[in-house]
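Let me begin by handing over the structure; questions about it come next.
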Amino acid sequence: MTQENKTQEEMPKAYEPASVEAKWYKHWLEKEYFKPQIDPDKKPFVIIMPPPNVTGELHVGHALTATLEDIMIRWHRMMGEPTLWLPGVDHSGIAAQVVVERKLAKEGLDRHELGREKFLERMWQWAESCRGTIGKQHQRLGVSCDWSRETFTLDKGPSKAVRTFFYNLYKKGLIYRGERIINWCPRCSTALSDLEVNHQDLTGNLYYVRYHLADDKNECITVATTRPETILGDTAVAVNPEDDRFKALIGKKVVLPIIKRQIEIVADEAVDTVFGTGAVKITPAHDPVDFDVAQRQDLPLINILNKDATMNENAGKYKGMERFECRKAILKDLEEDGLLVKTEPYAHAVGHCQRCHTIIEPIASHQWFVKMQPLAEPAIEAVTGGKIKIIPQRFNKVYLNWMENIRDWCISRQLWWGHRIPVWYCNKCGELTVSVEDATTCQSCGSTDIQQDPDVLDTWFSSGLWPHSTLGWPDDTEDLRYFYPTSVMETAYDILFFWVARMIMMGIENTGEIPFRTVYLHGLIRDEKGEKMSKTRGNVLDPLDFLEKYGTDALRFALISGTSPGNDSKLTTTKFEAGRNFANKLWNATRFVLRSAADYKGDMLIKQENLMLEDRWILSRLNATITSASRLLKDYQFGEAQRQVHDFLWGEYCDWYIELAKTRLNSASVESSPLPVLINVLEKSLRLLHPFMPFVTEELWQNIKASLPEDEHFADSIMISAYPKADKKATDSEAEKAIDALIDIVRAIRNARAEHNVEASRKIDAQIYAAGLNSFISPYAGAIQTLAKAKVVFIKDKKEQVIENALVLVLKDSEIVIPMASMVDIDAEKQRLQKEIDAMQAEVKRLEKTLSNEAFVSKAPKAVVDKEKGRLLSARDNLGRLEEHLKNL
RNA sequence: GGGCGGUUAGCUCAGUUGGUUAGAGCGCUGCGUUGACAUCGCAGAGGUCAGAGGUUCAAAUCCUCUACCGCCCACCA
């Protein structure tokens, strides 16, 4: 250390995240470290970020996504792989439109008054402002993604991808327009896919209604329904053809109550003979099962609802009524006519709009659909064949179950915000034109009198293309060739079907390759009570609040700690505190190391011949931690990896190594100084921790760098430095054994002091006999004196032990004798010894039993048997010594 | 109706090829102002790993069943 070291002098006593974070994020951006270094000879590591919705600000779920992905990205980047993390934002069709519509409603407006064009202007304003906010929030989280590639789903590239995909599927016959039962949200006034409907069990009623036969007013058939208003749309009554009760009635006509329309009794297998009355009213326009029956039986469809779920002209006198008002009115009328046989309470699942929670209505409607089965087949094969790995594995089953039972996907939405369907209808010949470019003429007749389909596509139709559309598809771009297929798709398990499954299908369809090799699914973050966060519950946590209070690194630490793949986790303030405290601990440890380094005159290279036992120990422990953390990162065990690095730094480096190093700082010559190891281990540990806590590690690492002489081995930033690699040569079992024994000794003496209420300032005496380890540990008499406040004498021979009136501590590899003189009362000590003897006897017994078990000795691996044998020997030995000491007391 | 997950210390949770005395954070008890850190240090208490059965030399870990909690999927009107 020849230069002046001002840095550490300026380090304040506590870590202050705010200034550090802004400084380094800016630096990283300026140096363009987030951009991938393309190298054709290296396989890149690629994550396409799940694009947040433009529905507001980021929440803690986004923060978790950002953290997990940033950990992977930073780790791989430090491993020297060309690393791309591509950020983006989703226009999020219906969800965003609902948000803006609500804002309009507050102004007393609705989108129809505004008109499509003006409304879309408002949407764009909103989306742009969200995009800005989301970007800023992401930066505060420290995400190291390539902002130069940031993409919005409505950008030119993704839009072209959407149209191209639509066009291709249409040409292949996999996209078609047809009349089917779809889920209609009266509030949003649009069709929804099956996935966008949440089923909720509600207790309603099952109403039994009597329909009289047309030709015999005395005879009737009774049907059961939960939605009596749909009677107005009935076009048949169905019974099971095998049902003897109704066989005679098949083909006869009944008269619908109230509107008096005559409908036929038909036979259809879909009818369950044991449910309800065994006779079902058929409302083909408002029930998927009835729709199918109608197709088979060639029944007419009568739609009774307007778009807003009021009754239409087919409802006769109920026209204009709101649907549930109508239900009440019909029930009243039925009752008056004596046709309501009975009413019983009935719990059944009712569909609600995922976005606005309005009860959805099944309605027969002309919509665009994707035929899914042909797309699902290769997507199933990709997972069963192991080309795509899902973590945790249990989601394979969930994924496959959904894929194998997939149904056609309704993709048209009667919204304004989104990708407009690339279809034009000809007003002259009635034919349609599907085109990637905007069409100007009809493909069939050449007429220019054409108009584009007013609807837009399901937002997931574009999200599903995300991994390849962001990289340039359908164009053959360099990015697409180099970065696709991507490496990991990291997202929450609740969008497995919405998004992940569709990306797999679409990716394979469009590129012939899987979109990503690994799917990592994280769990949901819940509040302190374990409740799912939602705006209506009002328990949504804003990550920015925590950022400001505890710092980004603490937030990231909190989000990851105690989590495992696919499992939900609770976010509690104690986790934030733990993260903040850890950052602060590192801060102070570094402060100490650098302060010590300022007085040190040698260089920082570790010289093998100068190493003391504790140096070898901490190097060995560091290496073990690197090995383990690397393995855990590779296995996506981020919570556990973080914990192990944390435990090493706090529990081994700070608690023991620094404390041991202090004992030789003052007296040490340059050769025997702990500084090289102190600083090297810290520097390497910071790199090990960097993916988890990027800011504090960068700041401390830079401080270390500044305190050292110019060194070309140090990169400009920790984030582009090499991730530590395990080195088998660093493993040192001799040093680990000796230092473990030393730690045992210190702990035992401290424990004895505490147990016997020795004053803190008082030094006690201790004789230590460390058998085979004596030569290793005896040099540490001074260290023990400092750490355990005991004057230590090492004895070579047990015979030298003076055990009269003394406390004897029997450890694994050593024995400590502490003269009782002023410390202890004998009875208490006898009791303590007896307790230990009991425990040791139990241990001996257990081991004897294990080892006398021939099956164990013959079947268990030799290493395990030997280990047990060794333990028995040492337990017997300890027991003997304990018993002897008790006798001598 | 199918499927999945959870049940481990007072609380929140780790514990991934079955192998020492089951761990962490927080909380609790006692002690502590020696210049890294009170956002700290030292010591301690606290668990028949939901219950029952099974496989194994060996089970928190694998299998079966049961109980409770939670989630997902599903067109019985």
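Chain naming here is simple, since letters A, B, ... match the order of the sequence lines and numbering starts at 1 in each. Note that these values count all heavy atoms, side chains included, but never hydrogens, waters or copies made by symmetry.
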Residues which pass ring pair (Phe, Tyr, Trp, His ring centres under 6.0 Å) with F692(A), listed by chain and number, not counting sequence neighbours: none

Collect all protein-nucleotide pairs involving nucleotides 75-77 of chain B in which both atoms are nitrogen or oxygen and the distance is under 3.5 Å.
from: C75(B); atom 1: OP1; to: R407(A); atom 2: NH1; distance (Å): 3.0
from: C75(B); atom 1: OP1; to: R407(A); atom 2: NH2; distance (Å): 2.6
from: C76(B); atom 1: O2; to: D272(A); atom 2: OD2; distance (Å): 2.8
from: A77(B); atom 1: OP2; to: Y346(A); atom 2: OH; distance (Å): 2.5
from: A77(B); atom 1: O2'; to: A224(A); atom 2: O; distance (Å): 3.0
from: A77(B); atom 1: N6; to: D272(A); atom 2: O; distance (Å): 2.7
from: A77(B); atom 1: N6; to: F275(A); atom 2: O; distance (Å): 2.6
from: A77(B); atom 1: N1; to: D272(A); atom 2: N; distance (Å): 3.3

Whole-angstrom distance between G54(B) and A59(B), as gauged at atom P: 12 Å

Under the side chain to side chain contact (heavy atoms under 4.5 Å, CB included) rule, collect the residues that match up with H522(A), sequence neighbours excluded. L64(A), T65(A), L68(A), E490(A), A492(A), Y520(A)

For RNA chain B, the expected dot-bracket line (Watson-Crick or G-U under 3.5 Å, [ ] crossing, | inter-strand) is (((((((..((((.....[...)))).(((((.......))))).....(((((..]....))))))))))))....

Does the pair R871(A)/E843(A) count as a salt bridge with the N-to-O cut at 4.0 Å? yes

Among the nucleotides G23(B), G19(B), U20(B), which one has an atom lying closest to any side-chain atom of V864(A)? G19(B)

Please name all residues satisfying ring pair (Phe, Tyr, Trp, His ring centres under 6.0 Å) with Y211(A), sequence neighbours left out, ordered by chain then number. none

Which residue pairs pass the salt bridge (Lys or Arg N to Asp or Glu O under 4.0 Å) test with at least one member in residues 572-588 of chain A, sequence neighbours excluded? none

Which atoms of nucleotides 63-65 of chain B (N or O only) lie under 3.5 Å from a protein N or O atom, and what are those distances?
none

Hits for side chain to side chain contact (heavy atoms under 4.5 Å, CB included) against D568(A), two or more places apart or cross-chain, chain-then-number order -> Y493(A), L524(A), R526(A)

Applying side chain to side chain contact (heavy atoms under 4.5 Å, CB included), name anything that partners Q295(A), two or more places apart in sequence or on another chain. F291(A)

Can you name the atoms? Protein N/O to nucleotides 57-60 of chain B N/O, anything below 3.5 Å, with the distance.
from: C57(B); atom 1: OP1; to: K859(A); atom 2: NZ; distance (Å): 2.1
from: C57(B); atom 1: O4'; to: F856(A); atom 2: N; distance (Å): 3.4
from: C57(B); atom 1: O2'; to: N853(A); atom 2: ND2; distance (Å): 2.9

Identify all pairs in which a protein N or O lies below 3.5 Å from an N or O of nucleotides 35-41 of chain B, and state each distance.
from: G35(B); atom 1: O2'; to: R595(A); atom 2: NH1; distance (Å): 3.0
from: A36(B); atom 1: OP1; to: K662(A); atom 2: NZ; distance (Å): 3.4
from: A36(B); atom 1: O3'; to: R591(A); atom 2: NH2; distance (Å): 3.3
from: A36(B); atom 1: O2'; to: N588(A); atom 2: OD1; distance (Å): 2.8
from: A36(B); atom 1: O2'; to: R591(A); atom 2: NE; distance (Å): 3.3
from: A36(B); atom 1: O2'; to: R591(A); atom 2: NH2; distance (Å): 3.0
from: A36(B); atom 1: N7; to: K662(A); atom 2: NZ; distance (Å): 3.0
from: A36(B); atom 1: N6; to: E659(A); atom 2: OE2; distance (Å): 2.9
from: A36(B); atom 1: N3; to: N588(A); atom 2: O; distance (Å): 3.2
from: A36(B); atom 1: N3; to: A589(A); atom 2: N; distance (Å): 3.1
from: C37(B); atom 1: O4'; to: N588(A); atom 2: OD1; distance (Å): 3.1
from: C37(B); atom 1: O4'; to: N588(A); atom 2: ND2; distance (Å): 3.4
from: C37(B); atom 1: O2'; to: N584(A); atom 2: ND2; distance (Å): 3.4
from: C37(B); atom 1: O2; to: K585(A); atom 2: NZ; distance (Å): 2.9
from: C37(B); atom 1: N3; to: K585(A); atom 2: NZ; distance (Å): 3.2
from: U39(B); atom 1: O4'; to: N581(A); atom 2: OD1; distance (Å): 3.1
from: U39(B); atom 1: O2'; to: N584(A); atom 2: ND2; distance (Å): 3.0
from: C40(B); atom 1: OP1; to: N581(A); atom 2: ND2; distance (Å): 2.9
from: C40(B); atom 1: O3'; to: K585(A); atom 2: NZ; distance (Å): 3.2
from: G41(B); atom 1: OP1; to: K585(A); atom 2: NZ; distance (Å): 3.1
from: G41(B); atom 1: OP1; to: W650(A); atom 2: NE1; distance (Å): 2.5

Checking A349(A) now: which residues fulfil side chain to side chain contact (heavy atoms under 4.5 Å, CB included) with it, not counting sequence neighbours? H199(A), D201(A)

